Asker: 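Here you go, one structure.
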Amino acid sequence: MLIPSWISDGSAIPDPLGKGDAAVKWLRRLRHPKSKAKGKALALDPWQERIIRRTYGPRHEDGTRVVRRVVFVIPRGNRKTSLGSAMTLLHLAGPEKAPGTLIVSAASAREQALELYGEASLIVKHDARLAKHLEILDYKSTIAFPDLGSRYVAVSSDAKVQHGKTPNVVIADELHAWHGMAGQRQWEALDSALVKVPETLLIVATTAGRGQENLAWKTVEYAIRVQKGEIDDPATLPVIFMAEEGDDWQDEDVWHALNPGMKHGYPDLPSYRDKAKKAAASPSDRDSFLQFNLNRWLDHSASPFVDMGLYDAGNLPVDLAALEGEPCWLAVDLSSNNDLTVIVACWRDGEDGYIVHPWFFCPAENIDRRADHDGVPYRQWADAGLIIPTPGSVVDFRTVEDYIRSLYDKADLTQRFDVREIAFDPHLARNTLNNLLDDGFPAVEFRQGWISMAPAIKTLEHAILGGKFRHGGHPVLRWCFDNIAVETDKAGNKAFHKGRSKDRIDGAVAAAMAVARAAAGDSNKSSYDQAGDDLEAWAYA
């Protein structure tokens with residue numbers, strides 16, 4: 001485990017000018033409406049107090065601050081946002097204030113950026129002493145101190161807004177989520193601006209991330225080396241609570257060591273026990289628990305959806321002839337040039353149980369080249385009838401449409417299914433969907449966004465973990481499930497992504513859609529019937 005030894009050893013913290021003590025005393029006089037302390041005093045537990053003292057106490061002989069960068073890496077639930085908002089107000093209106101100060105808190109998404117802003121605003125609104133001097137401008141995500149010409153502003157990934165600005169304090173929130181060029185540009189704009197004026201302070205506050213080819217890991221890795229004593233850099237204060245390879249993730253002593261707030265009631269210990277119980281049965285839940293609750297930085301390996309041993313328990317044969325006449329729900333995932341197209345049929349199998357069968361399609365013209373690229377036997381699968389080649393170099397959607405019609409055709413006694421619904425992601429399926437609708441087929445839209453897919457994935461996972469998902473051991477479908485890399489958001493919602501660019505997960509995506517529609521049954525109420533449009537992209541690339 002990585003834990004800052006000074007956080008609880010009672011060692012002396014240099015404070016020659018009393019700056020650390022002044023900061024602690026000022027923060028303890030603040031009020032917070034959610035505080036359970038006497039007089040609604042802002043909670044500042046001993047471990048948090050030590051961070052404040054280590055940040056603001058040490059000074060050079062000329063009085064300038066020693067610590068210029070704080071890298072705070074801690075599991076979720078330890079009130080990182082509350083501490084960040086308190087430090088923000090310390091610079092805006094407390095003993096660290098100065099005329100013309102600009103404080104910026106930045107995050108990857110606006111919703112995340114507003115969390116720290118909202119916490120700071122809440123404190124200001126419920127503390128009359130602050131409210132008398134500070135002006136809250138929600139439409140600008142800004143809190144201003146007009147008499148000093150100072151302000152605090154919350155921003156998300158738009159580096160253009162910050163170029164040319166001169167912040168004195170930057171709080172980079174959840175740096176592990178700053179992906180792509182937008183995150184890189186924002187970081188470069190803010191980090192480079194901190195050299196413009198003296199006495200600046202950068203606070204990186206984040207939970208653990210994944211992979212090492214990103215700016216968050218580069219920042220955190222450097223801080224880890226400082227914390228371990230491999231680098232001597234007094235200007236960097238690492239506050240890193242992180243599980244490492246070999247730590248027993250089920251040991252409650254480990255939980256307490258990595259979560260300094262747990263002894264004070266946060267995060268919630270019973271909730272940890274519940275999460276650990278789920279993590280024991282689900283690899284994706286385990287990775288989520290390791291990353292967000294034990295703060296272990298995960299490597300390049302993909303986070304699997306379920307243990308494939310549990311998935312393989314559903315290898316019982318699927319007898320299509322025996323399913324004729326049974327209510328059936330279809331889900332169709334039409335492909336781009338590089339992916340597979342798939343139709344997945346789903347039948348209900350007792351309470352909360354499901355039977356699925358897929359039909360995969362790929363272009364006949366480049367099947368051998370695709371096999372070489374993807375490293376799987378497309379040709380052998382096609383010869384065995386597990387994949388249906390279509391004419392040309394891209395999947396022929398007309399062939400797929402004809403196949404759907406044949407599945408629904410009551411005159412075809414070898415493939416007679418009581419199809420109740422045919423669900424499409426409309427992204428590539430608009431023409432096919434409209435053709436089927438025009439001819440009276442029960443085609444519906446099922447958008448592959450978070451709002452639709454998260455509950456579908458949850459239903460599918462529940463069935464697999466409960467041993468109620470029968471798939472007949474179809475090898476192409478198994479390959480798709482084995483390729484899944486799960487991403488879990490802070491609310492516990494899961495998304496399917498590819499582990500590598502050449503992986504295909506289309507069958508698993510369509511299976512989740514089909515299972516979700518079968519679970520909804522004939523209610524005609526589904527995840528695509530939603531308030532407002534689901535505009536979030538479902539990134540598989």
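In this text the structure is predicted, and so the values were computed from the model without any measurement.
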Asker: Give a yes or no on whether the backbone of A510 and the side-chain of D333 come within a donor-acceptor separation of less than 3.5 Å.
Answerer: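 Side chain of D333 to backbone of A510: no pair is present.
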
Asker: Looking at residues at least two apart in the chain, or sitting in another chain, which of them share a salt bridge (Lys or Arg N to Asp or Glu O under 4.0 Å) with D482?
Answerer: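 With sequence neighbours excluded, D482 shows a salt bridge (Lys or Arg N to Asp or Glu O under 4.0 Å) to no residue whatsoever.
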
Asker: Where do V486 and H497 land on the side-chain contact (heavy atoms from CB on, under 4.5 Å) test, with the steps shown first?
Answerer: CA-CA 6 Å; V486 169; H497 296 270; over 6 Å; no

Asker: Side-chain contact test, heavy atoms from C-beta onward, threshold under 4.5 Å: evaluate it for L330 versus R517 and give yes or no.
Answerer: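 No; the side chains remain at least 4.5 Å from each other.
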
Asker: Just checking H256: does its NE2 atom have more than 12 heavy atoms from other residues, nucleotides or ligands closer to it than 6.0 angstrom?
Answerer: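 Result for NE2/H256: enclosed.
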
Asker: Judged by atom type as modelled, is there a donor-acceptor pair below 3.5 Å linking the side chain of K468 to the main-chain atoms of E351?
Answerer: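 Here the side-chain-to-backbone pair exists.
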
Asker: For V376, does its backbone N or O pair with a side-chain atom of W479 as donor and acceptor, under 3.5 Å?
Answerer: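 No, the answer is negative, given that no donor and acceptor are paired below the 3.5 Å cut-off.
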
Asker: Between E119 and T81, do the side chains contain a donor N or O and an acceptor N or O under 3.5 Å apart?
Answerer: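 No - no donor-acceptor pair under 3.5 Å links their side chains.
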
Asker: Considering only heavy atoms from C-beta outward, does the side chain of Q291 approach that of T488 to under 4.5 Å?
Answerer: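 Contact flag for Q291/T488 side chains = no.
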
Asker: Using 4.0 Å as the upper bound for N to carboxylate O, is an ion pair formed by D425 and R447?
Answerer: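 No salt bridge links R447 with D425.
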
Asker: Considering residues at least two apart in sequence or located in another chain, which fulfil the side chain to side chain contact (heavy atoms under 4.5 Å, CB included) criterion with D383?
Answerer: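 If we apply the side chain to side chain contact (heavy atoms under 4.5 Å, CB included) test to D383, skipping adjacent residues, the hits are R379.
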
Asker: Report yes if some heavy atom in the side chain of V170 is under 4.5 Å from a heavy atom in the side chain of I203; otherwise report no.
Answerer: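 SC-SC contact between V170 and I203 ruled out.
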
Asker: Can you tell me if NZ on K80 sees more than 12 non-hydrogen neighbours from other groups inside 6.0 Å?
Answerer: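 Count over threshold, so yes.
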
Asker: Run the numbers on I457 and T459 for side-chain contact (heavy atoms from CB on, under 4.5 Å), then give the verdict.
Answerer: CA-CA 5 Å; I457 290 170; T459 301; over 6 Å; no

Asker: What do the steps show when you test R420 against D418 for salt bridge (charged side-chain N to carboxylate O under 4.0 Å, His left out), and what is the final call?
Answerer: CA-CA 6 Å; R420 300 296 178 88; D418 182 9; 3.1 Å; yes

Asker: Quick test of your reading of the model: are D274 and K278 salt-bridged, counting only N-O distances below 4.0 Å?
Answerer: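 Yes, charged N to carboxylate O under 4.0 Å.
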
Asker: Using a 3.5 Å distance criterion without hydrogens, assess whether the side chain of N78 forms a donor-acceptor pair with backbone atoms of G261.
Answerer: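 Yes.
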
Asker: Taking N366 for the side chain and R369 for the main chain, is one N or O donor matched with an acceptor at less than 3.5 Å?
Answerer: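 No: the side chain of N366 does not pair with the backbone of R369.
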
Asker: If you measure from CZ on F72 to CG on L175, what distance do you get to the nearest 0.5 Å?
Answerer: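 Separation between the atoms: 14.5 Å.
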
Asker: Nearest 0.5 angstrom please: L323 CG to C328 SG, how far?
Answerer: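 Rounded to the nearest 0.5 Å, the CG-SG separation comes out at 8.0 Å.
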
Asker: Strictly under 6.0 Å, is that where the ring centroids of F446 and F424 end up?
Answerer: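 Ring centroids of F446 and F424 are no less than 6.0 Å from each other.
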
Asker: Measure the CG-OG1 distance between D191 and T219 for me, rounded to the nearest 0.5 Å.
Answerer: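 The CG atom of D191 sits 8.0 Å away from the OG1 atom of T219.
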
Asker: Would you compute the distance between atom CD of E326 and atom CH2 of W347 and round it to the nearest 0.5 angstrom?
Answerer: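 One finds 10.0 Å between CD of E326 and CH2 of W347.
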
Asker: Would you confirm whether the ring centroid of F361 sits within less than 6.0 angstrom of the ring centroid of Y403?
Answerer: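 Yes, they do, as the ring centres are separated by less than 6.0 Å.
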
Asker: So which heavy atom on W297 is nearest to which on A208, and how close?
Answerer: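 Shortest heavy-atom contact: CE3-CA, 3.7 Å.
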
Asker: Quick one: are the ring centres of Y354 and F469 less than 6.0 Å apart?
Answerer: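 No, the ring of Y354 stays outside the 6.0 Å limit from the ring of F469, centre to centre.
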
Asker: Heavy atoms only: give me the nearest D248-V254 pair and the separation to one decimal.
Answerer: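 Of all heavy-atom pairs spanning D248 and V254, the closest is O-CG2, 3.6 Å.
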
Asker: Is it the case that the side chain of D439 and the backbone of F441 share a donor-acceptor pair, with hydrogens and angles ignored and the cut-off at 3.5 Å?
Answerer: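 No, D439 side chain to F441 backbone: no donor-acceptor pair under 3.5 Å.
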
Asker: Which pair of non-hydrogen atoms, one from I464 and one from V306, has the smallest distance, and what is that distance?
Answerer: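 Smallest heavy-atom distance, with atoms named: CG2-CG2, 4.0 Å.
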
Asker: Taking side chain to side chain donor-acceptor pair (under 3.5 Å) as the test, write out the residues that go with D247, two or more places apart.
Answerer: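 Scan of D247 (side chain to side chain donor-acceptor pair (under 3.5 Å), adjacent residues dropped) gives none.
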
Asker: Does the pair W381 and F360 meet the rule for a ring pair (Phe, Tyr, Trp, His ring centres under 6.0 Å), with working shown?
Answerer: CA-CA 10 Å; W381 284 343; F360 287 94; 8.2 Å; no

Asker: Does E401 come within less than 4.0 Å of R405, counting only side-chain N to carboxylate O?
Answerer: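 Salt bridge: yes.
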
Asker: Check whether any side-chain heavy atom of P238 lies under 4.5 Å from a side-chain heavy atom of I224, and answer yes or no.
Answerer: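 No, side chains not in contact.
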
Asker: Could you walk me through whether D285 and K494 pass salt bridge (charged side-chain N to carboxylate O under 4.0 Å, His left out), step by step?
Answerer: CA-CA 10 Å; D285 280 332; K494 295 179 180 179; 2.7 Å; yes

Asker: Does some side-chain heavy atom of V509 sit less than 4.5 Å from a side-chain heavy atom of Q448?
Answerer: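 Yes, close enough: below the 4.5 Å cut-off.
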
Asker: Do E174 and T207 have side-chain N/O donor and acceptor atoms under 3.5 Å apart?
Answerer: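 T207 and E174 do have a side-chain donor-acceptor pair below 3.5 Å.
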
Asker: How far apart are the closest heavy atoms of G183 and L215, and which atoms are they?
Answerer: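 Answer, listing the atom of G183 first, then L215: O-CD2, 4.0 Å.
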
Asker: Quick one: pull up CZ in F496 and CG in D506 and give me the separation to the nearest 0.5 Å.
Answerer: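 Output value for this atom pair is 12.0 Å.
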
Asker: Once rounded to the nearest 0.5 Å, what's the spacing between atom CG of L310 and atom CD of E461?
Answerer: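 Output value for this atom pair is 10.0 Å.
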
Asker: Do the non-hydrogen side-chain atoms of L2 and E244 ever get within less than 4.5 Å of each other?
Answerer: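 A side-chain contact under 4.5 Å exists here.
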
Asker: Tell me yes or no: between the side chains of Y266 and N259, is some donor less than 3.5 Å from an acceptor?
Answerer: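 No, no side-chain donor-acceptor contact under 3.5 Å.
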
Asker: Please examine the side chains of V220 and H176, heavy atoms only from C-beta on, and report whether any two atoms are closer than 4.5 Å.
Answerer: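 They are not in side-chain contact.
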
Asker: Quiz question: by atom type and distance under 3.5 Å, do the side chains of Q112 and S156 form a donor-acceptor pair?
Answerer: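 No, because no side-chain N or O of Q112 sits under 3.5 Å from a partner of the opposite role on S156.
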
Asker: What's the verdict on side-chain contact (heavy atoms from CB on, under 4.5 Å) for V73 and V71, showing C-alpha distance, side-chain angles and the deciding distance?
Answerer: CA-CA 6 Å; V73 188; V71 182; 3.9 Å; yes

Asker: Ion pair present between R110 and E115, side-chain N to carboxylate O less than 4.0 angstrom?
Answerer: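 Here R110 does not pair with E115 in a salt bridge, since their nearest N and O are not under 4.0 Å apart.
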
Asker: What pair of heavy atoms forms the shortest contact from C362 to I387, and how long is it?
Answerer: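 The pair with the smallest heavy-atom distance is SG-CG2, 3.5 Å.
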
Asker: Tell me whether the rings of W187 and W178 are parallel (<30°), tilted (30 to 60°) or perpendicular (>60°).
Answerer: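 It falls in the perpendicular class, over 60°.
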
Asker: Quick check: closest heavy atoms across M513 and V332, and the distance to 0.1 Å?
Answerer: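 Residues M513 and V332, closest heavy atoms: CE-O, 4.1 Å.
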
Asker: Determine yes or no for a side-chain-to-main-chain donor-acceptor pair under 3.5 angstrom, with S85 supplying the side chain and L116 the backbone.
Answerer: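 Absent.
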
Asker: Any side-chain to backbone donor/acceptor pair from N295 onto F241? Under 3.5 Å, distance only.
Answerer: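 Side chain of N295 to backbone of F241, a donor-acceptor pair under 3.5 Å: yes, one is there.
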
Asker: Go through the steps to decide whether S141 and L114 satisfy the test side-chain contact (heavy atoms from CB on, under 4.5 Å), and finish with yes or no.
Answerer: CA-CA 7 Å; S141 302; L114 290 178; 3.4 Å; yes

Asker: Verify whether the ring centers belonging to H471 and F481 lie closer than 6.0 Å.
Answerer: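 No, the ring of H471 stays outside the 6.0 Å limit from the ring of F481, centre to centre.
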
Asker: Ignoring hydrogens and angles, tell me if any N or O in the side chain of Y272 forms a donor-acceptor pair with the backbone of N293 under 3.5 Å.
Answerer: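 Yes; at least one donor-acceptor contact below 3.5 Å.
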
Asker: Say whether, by atom type as modelled, one donor and one acceptor occur between the side chain of S282 and the main chain of A279 under 3.5 angstrom.
Answerer: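 The answer is no, because no donor-acceptor pair under 3.5 Å joins these two groups.
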
Asker: Does some side-chain heavy atom of L386 sit less than 4.5 Å from a side-chain heavy atom of H474?
Answerer: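 Result yes, sub-4.5 Å side-chain heavy-atom pair found.
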
Asker: Pairing donors with acceptors under 3.5 angstrom, does anything connect the side chains of T341 and S335?
Answerer: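 Indeed, the side chains of T341 and S335 share at least one donor-acceptor pair under 3.5 Å.
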
